[in-house]
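Structure record follows, encoded as C-alpha cells.
Chain identifiers are assigned alphabetically (A, B, ...) following the order of the sequence lines, protein sequences preceding nucleic acid strands; residue numbering begins at 1 within each chain.
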Protein chains: 2
Amino acid sequence: MTSTIKDVAAHAGFSIATVSRAINAPHTVNPVTLAKVREAIDALKFRPSPLGRQLRGERTRLIGVVLPTLANPVFAECLQGIDELASAQGFRLMLMTTQYDAQRERHAIETLRAQRVEGLILTVADADTHPLLDELDADGPLYVLMHNDTKRRPSVSVDNHRAAFDGVRMLIAHGHRRILMLAGTLAASDRARQRHAGYAQAMQQAGLTPAPALEVDFNAEALAPSVLAHLSTGPARPTALFCSNDLLAMVVMRGLREARLRVPQDMSILGFDGLAMGELLAPPLASIGTPNGEIGRAAWQRLMARIGGDYAGASLGLALPHTLREGGTIAAIAGASLSEASGQRCMPDPTRA
Amino acid sequence: MTSTIKDVAAHAGFSIATVSRAINAPHTVNPVTLAKVREAIDALKFRPSPLGRQLRGERTRLIGVVLPTLANPVFAECLQGIDELASAQGFRLMLMTTQYDAQRERHAIETLRAQRVEGLILTVADADTHPLLDELDADGPLYVLMHNDTKRRPSVSVDNHRAAFDGVRMLIAHGHRRILMLAGTLAASDRARQRHAGYAQAMQQAGLTPAPALEVDFNAEALAPSVLAHLSTGPARPTALFCSNDLLAMVVMRGLREARLRVPQDMSILGFDGLAMGELLAPPLASIGTPNGEIGRAAWQRLMARIGGDYAGASLGLALPHTLREGGTIAAIAGASLSEASGQRCMPDPTRA
DNA sequence: CTGAAAGCGCTAACAT
DNA sequence: ATGTTAGCGCTTTCAG
C-alpha cells in the first residue's frame, strides 16, 4: 500500500506515464501493456494517491461540510443525506463543527479552503450578515448553504417563515389565542428570526398580539423559574407553546411535567424539525417537519451543479416543502372552529423556489 | 487565496525557502525579513496548502473516521467527542459511513488509506473476524476501534457482556422471571453477541432459562404479528424485554402501545445506549448507558498515543464504565426482593481495563 | 502506443 | 541568514 506509481512502472517494465494512462485512460494503451500494468497493480496492491492528483491541480474530489453540531439529529440527518450521494459519486467529505461559534465558523472555512476542497456545504448562524460568505462569493470555493433560509445566497432550506406561519395558524385553528414562542439561546440565527416572523404574522392575521420569543436555556435540567412564571401564572397564561425546535420542545415537555402541567390538557406544544424521535414520545410531539435527508441531498446536487458551471439554476435559495405533523401534544380549546385547519397543506412559497 | 508560497516570495523579495522558514521556524530568520514576509503573507492572504506538506511525506494531519451510520445518536455523539479533540489539536477529519455493510467498510478503509490518513477511528460490524483489521495491523495506518468490544485489538468500548449482565440482573431483582431479549436485524455484530451472552449469564445465574434473541425489524411502523405473538400470548409471556439498543426500545414501546399493552404495567422495558432522548419519553426509558462522547475522546487519545509510539499502553481493549439508568419503564413484580438490586454499581470488568 | 520531462506547493538538505 | 535544489506522487504536454 505504500507502493507508488513508480513501483508499478518498474514492476511492469513500463514508464510511469504509461501506468498513469492505463489507470486514467485505459483505451489509449495497448491491451497487452494494459494487462501487464494491471497485473503489476494487483501484485503491489497499488492505489493511486489522491495527494499526487490533488497537488497536480486537478480536482481534489474533496468537499467540506461545516455544521453547528451533530448533537442535534437535524444536522446528523443532513450529513447522512450528503454522505449518501458523496460516497456514491466518489467524493470524500471533510467535516468540521462549529458549535454555533462565529470564530469556529471562520476557522473551519479557512481550514477547508486551505485543504483545497472543491466545494463547501455549510450551515452558519446567520447567512445574511456573514462576511465570510461574501469572501467565498468573491474567490471560492463554491458553496451551498443548508437550513440557512436566505434569498440572497445559494441555499437549500424550507421556507421557515411560511412553515412557522402554517404551524401557528394550526394552533389558532384549534382555538388557541394566547400562544407563546420559545427559542433556544441561539435566537440570533436567521431561521429563528424567520420562524418568529412567521409566528408573528399568523398571530396578527388572527387579530392576536405576538410576543417576543422567550429564551430558554437548553441544557438546564428543569425550566428556569422565570420561564415557568411566564407559563403557569394567572388567567393570561398561554395555552400553547410554539418551540423553535424539537429538542427544545422535548426539554420543555419534561419541564412542564415536573411542574405538574399536563400536556396537552394544560398546555399544547408545537415543535419544529419533525424529528422522528418526537413521534415516540407520549404524547407524540406535534411538529413542523423539515426533510433533512432531502435537504442534504439537494444541497449536494446544487453544489455539483454549481461546480459543473450551472450557476443560473443553482445560485438562489431553494425552499423544500415542509410538513405539519399533528401529534398528541395539541389539544383543541373548547368552542374553536377547526374548519380553518384543514386545507393548508404545507407548500413552499412558490416565489422562493 | 489561490496564492502560493512563490507569490509570497516574489512579493516579499525573498526566496521560497525563506518564506517556508518564516512560517515553520520563525526564530531562524532575521526579524526584519520575517516582518516583510509576514506582510506579504497578509497582503496576499496566503495560507500554506496542506497538500504540499502532505505530499512532501510529512504528517498529513488527517484522521479517518468510519462509522456505521449517523442516524443513531450513539455514533453522532462519538463523532462529536472525536471532533472536539481533533479540531483542538489541528487535525482534520475525513468521514465515511458504512450502513453496517462489509463492502462499504472495505471501501471506506481503502479510500482513507489512499488518502494517507495518519490514523483511523472506526466502528465495524464484527471486529474479531475482520480481515481488514489484520491488514491494518500489518501495514497501517494505525487505528482504534470504537464500540467494538474485543480484547484482541486496540479499542474503546464498554464491557458489553458485563453491562448486559448488570442490566438483566436488575430486571431479575425487580422480580422478573420471563425476560426476553430483542435485537435489531444486526444480530451479527460483536456487541450484540456479547450483550446476549451477558443476558444469558444473568438468567442462568438466577436459575432461569435464557432464550435466543428475538429479531425485530427496525424500520417497520408497527411490530410484526409474529413478534407480538411472542410478547402477548398466554401465561408464559415475558414480563420484561431487554432491547439491544435504545432506538429499538423506542420502536418497541410504540408497538406495544399500539397493541394496547401498557408500559410498564404489562411489560417492562430495558434499553441499551442511554440516549439522552430516552429520558424525555413517558415513561422515561430505563437503559444501560454508554459514555459516547467519552468513548470518542478516549479513542482519539489512544490513537494519538499509538501514533506517538506508545504501543504498549494503547494496544488493547479499554472498557469504560457503563451506567444503569432506572427509568419508569421498569415495574417491580409483586413479591420480589429488591435487596439484590442495590450495590451493583456499574464497574467495568477490571481484567479488561 | 510509449517515454521523457515539466510542474503542482511545499520542506529539507546542502550551499553560500 | 538566505538561496538553490531535489523530490514527495501524479498528470500531461510534447517527442519519438
Side-chain angles (χ1 to χ4, degrees), chain A residues 1-38 40-41 44-62 90 92 110-118 141, chain B residues 1-38 40-41 44-62 90 92 110-111 113-118:
Chain A
M1 178 41 58
T2 324
S3 61
T4 80
I5 198 173
K6 259 184 176 167
D7 303 323
V8 176
H11 189 101
F14 291 92
S15 72
I16 61 169
T18 299
V19 176
S20 178
R21 278 187 219 107
I23 294 166
N24 301 299
H27 55 279
T28 68
V29 351
N30 185 311
V32 181
T33 309
L34 185 57
K36 285 184 185 164
V37 170
R38 288 195 164 147
I41 287 177
L44 276 60
K45 290 187 192 161
F46 168 75
R47 305 295 295 161
S49 159
L51 294 176
R53 291 177 167 169
Q54 289 164 189
L55 186 51
R56 197 57 182 59
E58 306 310 307
R59 318 128 312 165
T60 59
R61 298 243 135 193
L62 232 46
R92 283 166 297 276
E110 289 210 338
T111 301
L112 262 10
R113 188 187 253 203
Q115 189 75 39
R116 306 303 193 259
V117 296
E118 285 185 58
Chain B
M1 177 44 53
T2 325
S3 60
T4 81
I5 198 174
K6 260 183 175 165
D7 303 322
V8 176
H11 189 100
F14 291 92
S15 73
I16 60 168
T18 299
V19 175
S20 179
R21 277 185 220 109
I23 295 167
N24 301 299
H27 56 279
T28 69
V29 354
N30 184 310
V32 182
T33 309
L34 185 58
K36 284 184 186 162
V37 170
R38 289 195 164 148
I41 288 177
L44 276 60
K45 291 187 191 161
F46 167 76
R47 305 294 295 161
S49 160
L51 294 175
R53 292 175 166 172
Q54 289 165 189
L55 186 51
R56 195 62 185 64
E58 307 310 308
R59 317 129 312 165
T60 59
R61 298 243 133 191
L62 231 46
R92 282 166 296 277
E110 289 211 338
T111 302
R113 189 187 252 201
Q115 189 75 39
R116 308 301 194 259
V117 296
E118 285 185 58

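Between the side chain of B/Arg116 and the base of D/dG9 there is no donor-acceptor pair of N/O atoms closer than 3.5 Å.
Of the side-chain N and O atoms in A/Ser49, none sit less than 4.0 angstrom from OP1 or OP2 of D/dG9. When the side-chain nitrogen and oxygen atoms of B/Lys6 are compared with OP1 and OP2 of C/dC8, one or more of them lie within a distance under 4.0 Å. At D/dG3, one or more side-chain N or O atoms of B/Thr18 fall inside 4.0 Å of OP1 or OP2 (strictly under the cut-off). Side-chain N/O atoms of A/Ser20 include one lying less than 4.0 angstrom from OP1 or OP2 on D/dT11. Residue B/Arg53 places at least one side-chain N or O closer than 4.0 Å to OP1 or OP2 of C/dT11.
For the pair A/Gln54 CD and D/dC8 C1', the computed distance is 14 Å after rounding to whole Å. In this entry the distance linking CG of B/Leu51 with P of C/dT11 reads 12 Å, nearest Å. If you take CG of A/Leu62 and P of C/dC8, they are 21 Å apart, rounded to a whole angstrom. Note: CZ (A/Arg59) to C1' (D/dG9) measures 15 Å, nearest angstrom. At whole-Å resolution of the value, CZ in B/Arg61 and P in C/dC10 are 17 Å apart. The interatomic distance linking A/Ile5 (CD1) with D/dG7 (C1') rounds to 16 Å, in whole Å. In this structure, A/Lys36 atom NZ and C/dT2 atom C1' are separated by 13 Å, rounded to whole Å.
When all heavy atoms are compared, the tightest approach of B/Arg92 to B/Gln54 is NH2-OE1, 3.9 Å. Closest approach of B/Ala40 to B/His11, counting heavy atoms only: CB-CD2, 3.5 Å. A/Phe46 and A/Ile23 make their closest contact through CE2-CD1, 3.7 Å (heavy atoms, listed as atom of the first residue, atom of the second, distance).
Taking only side-chain atoms of B/Asn30, from C-beta outward, the nucleotide of D/dT12, D/dT11, D/dT2 with the closest atom is D/dT2. Among the nucleotides D/dG3, D/dT12, D/dC10, the one closest to any side-chain atom of A/Ile16 is D/dC10. When distances run from any side-chain atom of A/Arg21 to the nucleotides D/dT13, C/dC1, D/dT4, the shortest one goes to D/dT13. Side chain of B/Phe46, nearest nucleotide from D/dG3, C/dC1, C/dC10: C/dC10. Listed nucleotides D/dG3, C/dC1, C/dA5 differ in distance to A/Ala17; the shortest reach to its side chain belongs to C/dA5.
A donor-acceptor pair is defined here as one N or O able to donate and one able to accept, closer than 3.5 Å; no such pair exists between the side chain of A/Arg21 and the backbone of A/Val19.
To the nearest 0.5 Å, the span separating NE2 on B/His27 from CG on B/Leu34 amounts to 11.0 Å.
Residues B/Arg61 and A/Thr111 form no side-chain contact, since every pair of their non-hydrogen atoms from C-beta on lies 4.5 Å or further apart.
Between B/Thr28 and B/Arg56, the residue anchored closer to the 5' end of DNA chain D is B/Thr28, taking for each the nucleotide with the nearest heavy atom.
No engagement by B/Pro50 is indicated, since no non-hydrogen atom pair under 4.0 Å with the nucleic acid exists. Using a 4.0 Å heavy-atom distance criterion, A/Leu55 is classed as a base contact.
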